[in-house]
> 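Encoded as C-alpha cells, here's the structure I'll be asking about.
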Amino acid sequence: MKKNEEPTPSVKKTVRFPKDVAAELEKIAEKNFDGNFSHATVYRIKHFTSPLTPAIMSKIQDIANTAIETVRESEPDKANDIERKVDFLWKYLK
C-alpha cells in the first residue's frame, strides 16, 4: 500500500478449515506473506476461481499423453521434456 492510500475496507468473518488446509495456508503465509494467515487466505480465494476437478485433471493428462505419443518416435528428447514438465505441474498442483 502506498503512503497516501486508504486501506481496503475489510470484514471479519469466522471460517472453519480442515486441519490439513489450515496447515497448508499457514505454510504459505510463513513463506510468502510474512506469517499473515489472513493475507494468504485472501490471496488463495481471489486467485482460485476454477477448481481443478478430477475430470479436468484427466483431460489435461490425456492431452499431454497425446502430445508425448505424437513426438516420441521422431523427437524422443522433446517427448521426455514434455513428460518432465507435466510431472512438475502435477507435483506443483498437488
Side-chain angles (χ1 to χ4, degrees):
M1 178 169 58
K2 295 178 184 172
K3 281 186 179 183
N4 296 329
E5 248 182 64
E6 289 291 319
T8 303
S10 63
V11 177
K12 184 175 181 177
K13 295 286 184 180
T14 301
V15 179
R16 293 189 180 273
F17 296 101
K19 286 182 180 181
D20 62 328
V21 173
E24 181 182 341
L25 285 168
E26 287 168 357
K27 284 181 189 175
I28 292 167
E30 287 300 320
K31 182 177 178 184
N32 301 312
F33 297 93
D34 294 325
N36 190 314
F37 186 86
S38 291
H39 288 170
T41 304
V42 169
Y43 180 86
R44 273 317 241 341
I45 290 168
K46 287 175 94 172
H47 293 91
F48 191 78
T49 55
S50 61
L52 191 59
T53 64
I56 292 171
M57 292 170 63
S58 177
K59 189 65 96 177
I60 291 168
Q61 188 63 55
D62 288 345
I63 293 167
N65 291 344
T66 300
I68 292 164
E69 289 171 20
T70 302
V71 299
R72 173 73 68 202
E73 268 190 55
S74 61
E75 297 186 59
D77 290 340
K78 189 162 203 125
N80 291 337
D81 187 47
I82 293 169
E83 280 181 316
R84 260 192 335 276
K85 289 176 179 174
V86 170
D87 287 344
F88 172 81
L89 284 176
W90 288 135
K91 288 175 187 167
Y92 176 78
L93 295 170
K94 199 172 184 180

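When reading the values below, keep in mind they use all heavy atoms of this one structure, side chains included, and skip hydrogens, waters and symmetry mates.
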> Who are the side chain to side chain contact (heavy atoms under 4.5 Å, CB included) partners of Glu30, not counting sequence neighbours?
none
> List the residues meeting side chain to side chain contact (heavy atoms under 4.5 Å, CB included) with Val42, not counting sequence neighbours, and say none if there are none.
Lys46
> Could you list the residues that satisfy side-chain hydrogen bond (donor to acceptor under 3.5 Å, both in side chains) with Lys31, not counting sequence neighbours?
none
> Using side-chain heavy atoms (C-beta onward) and a distance below 4.5 Å, is Lys78 in contact with Ile68?
no
> Hey, is Arg84 close enough to Asp81 for a salt bridge, meaning N to O under 4.0 Å?
yes
> Which residues satisfy the side-chain hydrogen bond (donor to acceptor under 3.5 Å, both in side chains) test with Arg44, sequence neighbours excluded?
Glu24
> What are the two closest heavy atoms between Ala40 and Ile28, and how far apart are they?
CB-CG2, 4.1 Å
> Which side-chain N or O atoms in residues 56-64 pair as donor and acceptor under 3.5 Å with protein atoms at least two apart or in another chain?
from	atom 1	to	atom 2	distance (Å)
Gln61	OE1	Trp90	NE1	2.5
Gln61	NE2	Asn65	OD1	2.8

> Once the angle between the rings of Tyr43 and Phe33 is folded into 0 to 90°, is it parallel (under 30°), tilted (30 to 60°) or perpendicular (over 60°)?
tilted
> Hey, quick one: are Leu25 and Val15 part of the same hydrophobic cluster, counting side-chain heavy atoms closer than 4.5 Å, chains of contacts allowed?
yes
> Which side chain to side chain donor-acceptor pair (under 3.5 Å) pairs, counting each pair once, include a residue from residues 10-21, with sequence neighbours left out?
none
